[in-house]
Amino acid sequence: MSLETLPSHAADPSRIDAPVLDVVVPVYNEEIDLEPCVKRLHTYLSAHFPYRFRITIADNASTDSTAEVARRLTGELPGVASVHLSEKGRGRALKHVWTHSDAAILAYMDVDLSTDLGALLPLVAPLISGHSDLAIGSRLARGSRVVRGAKREFISRSYNLILRGTLSARFSDAQCGFKAIRADVAERLLPMVEDTGWFFDTEMLVLAERAGLRIHEVPVDWVDDPDSRVDIVATAIADLKGIARLLRALGSGRLPLATLREQLGRDPLPMAGVPAGLTGQLIRFAAVGVASTLAYLILYALLRTAVTPQWANLVALLATAIANTAVNRRVTFGVRGNDSAVRHQAQGLIVFGIGLALTSGSLAVLDSISTTPAKHVELVVLILANLLATAVRFLMLRIWVFRSRSRRGSHTRV
């Protein structure tokens, strides 16, 4: 599968016959629920949606009479279309319809219509106006009203916590079956999304967020469908595998998210007198620095019980410096892949030498003042020396080690 990002061929909004909104209803063996769902949705859109719309039934390999019901509905209701895929997978069905649609805004909702339709216009309005790139209904946002069992509530919240911890996701609800995306964004983003099942939504949102796209969240009223056919255990396993795969893909740098960011991402807001990207880099560098300092102090304290202060300082500082350069390379300055990794570490060791000189020099000065300084005094002196070394380290990393990334004014985090 090609991962190239292409020029936009999105639907021309000036076309009279092209709908503004294409709402996809992915189904698998839904011969009972499909007809009332589509008729209710069609009635609502006809009465309340002010733009031309289409409802597309995406049947992914149903084995019952779902396809027949879909064909009948397309004949009865204007603006209803159907697609039958020979392979199963909700993600596959959405990707197929969205990449072939001529609508400017692409959305989907589950056939059970658990989400109140009153949230549909607030969902797509920011996309129509161009304010946002994607929009999701959220059952976990403030203002949402949700009726569901404790088991599903626990699973949903746990899953979103896992996403935050592993993929640093900032959106609140990955699994709500109520989402929309601009067609021009989908054209470039969807070729990168590999999952064809339930993880499709999560992967799309994570990649969009990493590419700097704006995700609009709408609090929804949501009532659980007690007859849901989702296999929770199988879906959970597939989701965990998807998270692991996505972590590998992001870590390897093989996804062209930097290109996507350049084409569709939103530039950071300018701040007078502050170079672009500096604020974010300082925040991330500070977080890495705090962790590194704590690791250094713990390692130093452990080594100090067996060796002299100078040796304890050397070993502790060297170990944390190597780790610090690797983490800053990836987190602070957004460098991915193995290109120039050895050079960056070598330059990092030179910066380490400067830090070593500062901290060792501070210990030497302390030793000249007192031959047996108290341990807490020693630690205070080292903390102050490390603060100075940290400031020097940031400047050296930004203007020398990762100079090309910094001068472009953005941290291409992927």
Query raised in the report: Do Thr202 and Asp239 pass the side chain to side chain contact (heavy atoms under 4.5 Å, CB included) test, and can you show the C-alpha distance, the side-chain angles, and the key distance before you say yes or no?
Result: CA-CA 9 Å; Thr202 300; Asp239 286 342; 5.6 Å; no
Query raised in the report: Taking it one step at a time, do Glu194 and Arg254 satisfy salt bridge (Lys or Arg N to Asp or Glu O under 4.0 Å)?
Result: CA-CA 13 Å; Glu194 297 183 15; Arg254 68 180 180 86; 2.7 Å; yes
Report task. Take Leu45 and Leu120 through the test side chain to side chain contact (heavy atoms under 4.5 Å, CB included) and record every step on the way to the result. Result -> CA-CA 9 Å; Leu45 290 172; Leu120 183 58; 3.3 Å; yes
**Report entry** Criterion side chain to side chain contact (heavy atoms under 4.5 Å, CB included) on Leu395 and Trp400, from CA distance to verdict
**Finding:** CA-CA 8 Å; Leu395 289 174; Trp400 180 46; over 6 Å; no
Requested in this report: Determine, step by step, whether Tyr108 and Asp22 satisfy the side-chain hydrogen bond (donor to acceptor under 3.5 Å, both in side chains) criterion, reporting the C-alpha distance in whole Å, the side-chain angles of both residues, the deciding distance to 0.1 Å, and the verdict.
Outcome: CA-CA 8 Å; Tyr108 95 88; Asp22 193 346; over 6 Å; no
Query - Test side chain to side chain contact (heavy atoms under 4.5 Å, CB included) applied to Phe171 and Ile136, step by step - result: CA-CA 9 Å; Phe171 47 85; Ile136 65 173; 4.0 Å; yes
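A donor-acceptor contact under 3.5 angstrom links the side chains of Asn29 and Thr63, judged on distance only. Neither side chain, Thr66 nor Glu31, offers a donor N or O lying under 3.5 Å from an acceptor on the other. A donor-acceptor contact closer than 3.5 angstrom links the side chains of Ser172 and Ser138. Asn313 and Ser360 are linked by a side-chain donor-acceptor pair at a separation below 3.5 angstrom, with hydrogens and angles left out of the test. Side-chain contact annotation: Asn328 with Thr325, donor-acceptor N/O pair under 3.5 Å absent.
In this structure, Tyr51 has its ring center at least 6.0 angstrom away from the ring center of Phe53.
Closest approach of Cys176 to Asp201, counting heavy atoms only: O-OD2, 4.5 Å. Nearest heavy atom pair, residue Pro191 against residue Ala186, reads CD-O, 3.9 Å. Residues Ile128 and Phe49 come closest through the heavy atom pair CD1-CZ, 4.5 Å. Closest non-hydrogen pair, Leu205 versus Ile215, comes out as O-CD1, 3.8 Å. Taking each heavy atom of Arg330 and Leu250 in turn, the nearest pair found is NH2-C, 4.4 Å. Annotation for Pro26 and Leu94: closest pair CG-CD2, 4.2 Å, computed over non-hydrogen atoms.
Using modelled atom types, one side-chain atom of Gln345 and one backbone atom of Ile322 make a donor-acceptor pair closer than 3.5 Å. Between the Lys88 side chain and the Tyr28 main chain, no donor and acceptor come within less than 3.5 Å of each other. His42 places a side-chain N or O within donor-acceptor distance of the main-chain N or O of Pro78, the cut-off being under 3.5 Å. Judged by distance alone, with hydrogens and angles left aside, the side-chain atoms of Thr166 form a donor-acceptor pair with the main-chain N or O of Ile162 at under 3.5 Å. For Asp59 (side chain) and Ser82 (main-chain N/O), no donor-acceptor pair under 3.5 Å exists by modelled atom type. Between the Lys179 side chain and the Leu106 main chain, no donor and acceptor come within less than 3.5 Å of each other. Between the side chain of Arg182 and the backbone N or O of Ile105 there is no donor-acceptor pair closer than 3.5 Å. Listed for the His100 side chain is a donor-acceptor partner under 3.5 Å among the backbone atoms of His96. One N or O on the side chain of Ser129 and one on the backbone of Pro126 form a donor-acceptor pair closer than 3.5 Å. Judged by distance alone, with hydrogens and angles left aside, the side-chain atoms of Ser46 form no donor-acceptor pair with the main-chain N or O of Thr43 at under 3.5 Å.
Looking at heavy atoms from C-beta onward, Thr196 lies out of side-chain contact with Lys95 at the 4.5 angstrom threshold. Looking at heavy atoms from C-beta onward, Ser144 lies out of side-chain contact with Asp173 at the 4.5 angstrom threshold. Using a 4.5 Å cut-off on side-chain heavy atoms (C-beta onward), Val38 and Ile57 make contact. By the 4.5 Å heavy-atom criterion applied to side chains, Leu167 and Leu163 are counted as neighbours. Between Phe178 and Leu113, every side-chain heavy-atom pair lies at or beyond the 4.5 Å cut-off. Side-chain contact between Phe285 and Val331 is absent, with no heavy-atom pair separated by less than 4.5 Å. Asp224 is not listed as a side-chain neighbour of Val147, based on a closest heavy-atom distance of 4.5 Å or more. Inter-residue side-chain proximity for Val220 and Asp116 is flagged as unmet; no heavy-atom pair is nearer than 4.5 Å.
Around atom CZ of Arg343, more than 12 heavy atoms belonging to other residues, nucleotides or ligands sit under 6.0 Å away. Remark: Tyr44 OH is packed, more than 12 non-hydrogen atoms of other residues, nucleotides or ligands lying under 6.0 Å away. The environment of CZ in Arg164 is crowded: more than 12 heavy-atom neighbours from other residues, nucleotides or ligands sit within 6.0 Å.
Taken from CG in Leu134 to CG in Leu127, the straight-line distance is 7.0 Å, to the nearest 0.5 Å. Taking SG from Cys37 and CE from Met109, the interatomic distance works out to 8.0 Å, rounded to the nearest 0.5 Å. Taken to the nearest 0.5 Å, the CG atom of Asp221 stands 11.0 Å off from the CG atom of Leu117. In this structure, CE on Met204 lies 7.0 Å from CG on Leu189, to the nearest 0.5 angstrom. Between Thr235 atom OG1 and Gln175 atom CD the span is 8.5 Å, to the nearest 0.5 Å. Summarising the geometry, atom OG belonging to Ser86 is positioned 8.0 Å from atom CZ belonging to Arg92; distances are rounded to the nearest 0.5 Å.
With respect to Glu68 and Arg72, no salt bridge is recorded, no charged nitrogen being found less than 4.0 Å from a carboxylate O. Using a cutoff of 4.0 Å between basic side-chain nitrogens and carboxylate oxygens, Arg90 and Asp110 are scored as salt-bridged. In summary, Asp133 and Arg214 do not engage in a salt bridge, as defined by a charged side-chain N under 4.0 Å from a carboxylate O. Between Glu203 and Lys241, no side-chain nitrogen of the basic residue sits less than 4.0 Å from a carboxylate oxygen of the acidic one, so the salt-bridge criterion is not met. Ion pairing of Arg54 with Asp102 is present here, as a side-chain N (NZ or NE/NH1/NH2) and a carboxylate O approach within less than 4.0 Å.
Under the 6.0 Å distance and 45° angle rule, Arg148 counts as a cation-pi partner of Trp222.
Taking the six-membered ring where the residue is Trp, Trp98 and Phe200 present tilted rings, their angle falling between 30° and 60°.
Partner Arg210 forms a side-chain contact (heavy atoms from CB on, under 4.5 Å) with one of Val206, Leu213, Leu207 and no other, that one being Val206.
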